Amino acid sequence: MSRGLVSIIGAGPGDPELITVKALKRIQSADVIMYDRLVTDELIAEARDGALRIYCGKAPGLHSMSQEMIGRMLASHAAEGKHVVRLKGGDPFIFGRGGEEALMLAESGIPYEIIPGITSAVGTSASSLIPLTHRGVASSFACVTGTGSDGTVSSVRWDLLAHSVDTLVIYMGISQLSQIQQELLRHGKAGHTPAALIERGTTSEERIVTGTLAELQTLADRHRICNPALIMVGESVLIREQLLQMQRAASASMTG
Ligand code: SAH
């Protein structure tokens with residue numbers, strides 16, 4: 001019996017066209033597709049007719065399938081000689097638990113491969129016109145989680161992040177927004193630092209709101225920002241404002 005293969009794949013940030021060619025080919029040829037909540041239906045529709053599609057979605061607070069169960073299913077389908085695609089939003093190794101799944105497969109001696117995806121920070125940076133780095137404005141960025149494994153505000157070093165990183169991108173931060181805001185302010189990040197919230201980035205439902213660090217919670221409440229959303233904090237948020245102003249000026253001069 002052949003040993004099968006598990007391809008742990010990043011589906012990209014939301015826009016189905018932002019998947020890699022390699023990942024799409026794997027979806028089209030797989031026998032089994034196990035996919036997460038953030039993966040769009042359009043990509044699942046690429047699977048061949050006979051492929052088995054298994055939803056492993058994890059809505060916040062609700063775990064429809066445990067990580068252990070997912071690992072066992074991946075291993076058992078692969079052990080039957082099947083090609084299994086494990087499809088995750090963004091990149092599998094960035095807050096995607098892809099590493100845990102690879103470890104489980106390695107322990108069971110199941111062949112696997114990792115195919116990267118555009119992580120949501122990179123996808124939404126492009127779609128929101130907020131560069132993660134920008135000459136003279138931002139020479140570093142960091143991606144951190146806003147929520148710890150116990151469900152409360154993450155224990156990343158907010159004190160260091162407040163000072164040592166130019167563009168800060170916070171995943172899974174909306175439910176902890178007021179604590180994150182307080183942590184950064186408490187550690188001396190200026191309240192007037194430009195900030196943005198990006199909901200469903202790169203999709204047709206994308207919403208972007210901008211303001212300052214001090215206003216973040218108010219903005220989120222006013223616009224009812226929901227997951228999936230990212231928080232971006234840093235001066236390069238102003239590049240978006242500049243680009244939008246120039247677009248407006250250009251369209252005004254064309255119509256005027
Ligand atoms: N592996 C994924 C991250 C999964 S963690 C990646 O590489 O992007 C889930 C978090 O990702 C969400 O809480 C949200 O903060 C972020 N996220 C994922 N897709 C997003 C999108 N389209 N727009 C904004 N944030 C997104």
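Residue numbers start at 1 and run along the sequence shown. Start at 1 and go down the list; that is how both ligands and their atoms are numbered. Fair warning: this is a prediction, and the values are worked out from it, not measured in the lab.
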A.B. asks: Between Glu68 and Arg72, does any side-chain N to carboxylate O distance fall below 4.0 Å?
C.D. replies: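 Between Arg72 and Glu68 there is a salt bridge, with a charged N closer than 4.0 Å to a carboxylate O.
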
A.B. asks: Before giving the answer on salt bridge (charged side-chain N to carboxylate O under 4.0 Å, His left out), spell out for Glu113 and Arg26 the whole-Å C-alpha distance, their side-chain angles and the decisive distance to 0.1 Å.
C.D. replies: CA-CA 11 Å; Glu113 63 176 352; Arg26 294 295 192 279; 2.6 Å; yes

A.B. asks: Using a 4.0 Å heavy-atom cut-off, which part of Ala229 comes near ligand 1: side chain, backbone, both, or neither?
C.D. replies: backbone

A.B. asks: Would you give the length of the straight line joining atom CD of Glu100 to atom CD1 of Ile70, rounded to the nearest 0.5 angstrom?
C.D. replies: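 Separation between the atoms: 10.0 Å.
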
A.B. asks: Can an N or O of Gly90 be found at a distance shorter than 3.5 Å from an N or O of ligand 1?
C.D. replies: no

A.B. asks: Once rounded to the nearest 0.5 Å, what's the spacing between atom CD of Gln242 and atom CG of Leu129?
C.D. replies: 11.5 Å

A.B. asks: Can you list the steps and then say if Glu206 with Ser127 is a side-chain hydrogen bond (donor to acceptor under 3.5 Å, both in side chains)?
C.D. replies: CA-CA 9 Å; Glu206 177 176 70; Ser127 64; 2.5 Å; yes

A.B. asks: Any side-chain heavy-atom pair from Asn227 and Met172 closer than 4.5 angstrom?
C.D. replies: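 No. Closest side-chain heavy atoms not under 4.5 Å.
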
A.B. asks: Show which atoms of ligand 1 fall inside a sub-4.0 Å distance from at least one heavy-atom site of Arg200.
C.D. replies: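 Counting from 1, the qualifying ligand atoms are 22 (N), 23 (N).
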
A.B. asks: Atom 10 (C) of ligand 1: which protein heavy atom is closest, and how many Å away?
C.D. replies: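 Result: Met172 CG, 3.8 Å.
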
A.B. asks: Hey, is ligand 1 close enough to Gly14 that some N/O pair sits below 3.5 Å?
C.D. replies: no

A.B. asks: Can you find an N/O atom of Ile170 closer than 3.5 Å to an N/O atom of ligand 1?
C.D. replies: no

A.B. asks: Going by distance only, is there an N or O of Ser120 that falls short of 3.5 Å from an N or O of ligand 1?
C.D. replies: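 Yes.
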
A.B. asks: Considering only NZ, NE, NH1 and NH2 on the basic side and carboxylate oxygens on the acidic side, decide whether Arg86 and Asp36 come within less than 4.0 Å.
C.D. replies: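 Salt bridge: yes.
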
A.B. asks: Provide, to 0.1 Å, the distance between atom 5 (S) of ligand 1 and the closest protein heavy atom, together with that atom's residue and name.
C.D. replies: Phe95 O, 3.4 Å

A.B. asks: Does Pro228 approach ligand 1 within less than 4.0 angstrom via side chain, backbone, both or neither, non-hydrogen atoms only?
C.D. replies: both

A.B. asks: Considering only the protein, which heavy-atom contact is closest to atom 3 (C) of ligand 1, and what is its distance?
C.D. replies: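 It is Ile94 O, 3.5 Å.
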
A.B. asks: Do any nitrogen or oxygen atoms of Gly201 lie less than 3.5 angstrom from nitrogen or oxygen atoms of ligand 1?
C.D. replies: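 Min N/O separation from ligand 1 is below 3.5 Å for Gly201.
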
A.B. asks: Evaluate the criterion side-chain hydrogen bond (donor to acceptor under 3.5 Å, both in side chains) for residue pair Thr119 and Tyr171; output intermediate values, then yes/no.
C.D. replies: CA-CA 10 Å; Thr119 190; Tyr171 289 63; 2.6 Å; yes

A.B. asks: Considering only protein heavy atoms, which is closest to atom 22 (N) of ligand 1, and at what distance to one decimal place?
C.D. replies: Pro13 O, 2.8 Å

A.B. asks: Does Thr119 reach ligand 1 with a nitrogen or oxygen that is under 3.5 Å from one of the ligand's nitrogen or oxygen atoms?
C.D. replies: yes

A.B. asks: Is the closest basic N to carboxylate O distance between Lys88 and Glu101 below 4.0 Å?
C.D. replies: yes

A.B. asks: Is there a side-chain hydrogen bond (donor to acceptor under 3.5 Å, both in side chains) between Thr210 and Glu241 once you walk through the steps?
C.D. replies: CA-CA 9 Å; Thr210 56; Glu241 308 305 330; 3.0 Å; yes

A.B. asks: Distance under 4.0 Å to a non-hydrogen atom of Ile198: what atoms of ligand 1 satisfy this?
C.D. replies: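 Matching atoms, with element in brackets: 24 (C).
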
A.B. asks: Which atoms of ligand 1 sit under 4.0 Å from any heavy atom of Asn227?
C.D. replies: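 Those qualifying, in numeric order: 13 (O).
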
A.B. asks: Can you pull out the closest protein heavy atom to atom 11 (O) of ligand 1? Residue, atom name and distance to 0.1 Å, please.
C.D. replies: Tyr171 CD2, 3.5 Å

A.B. asks: Atom 2 (C) of ligand 1: which protein heavy atom is closest, and how many Å away?
C.D. replies: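 Closest protein heavy atom to atom 2 (C) of ligand 1: Gly89 O, 3.2 Å.
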
A.B. asks: Below 4.0 Å, non-hydrogen atoms only: which portion of Leu38 touches ligand 1? Side chain, backbone, both or neither.
C.D. replies: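 Contact part for Leu38 vs ligand 1: side chain (C-beta onward).
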
A.B. asks: Measure from the side-chain N and O atoms of Asp15 to the backbone N and O of Thr203, and report whether any donor-acceptor pair falls under 3.5 Å.
C.D. replies: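 Such a contact is absent between Asp15 side chain and Thr203 backbone.
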
A.B. asks: If we only count N/O pairs under 3.5 Å, is Asp91 in contact with ligand 1?
C.D. replies: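 By distance alone, the answer is yes.
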
A.B. asks: To check you understand the geometry: which heavy-atom pair defines the closest contact between Ile33 and Ala47, and what is its length?
C.D. replies: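 In terms of heavy atoms, the two residues are closest at CD1-CB, 3.6 Å.
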
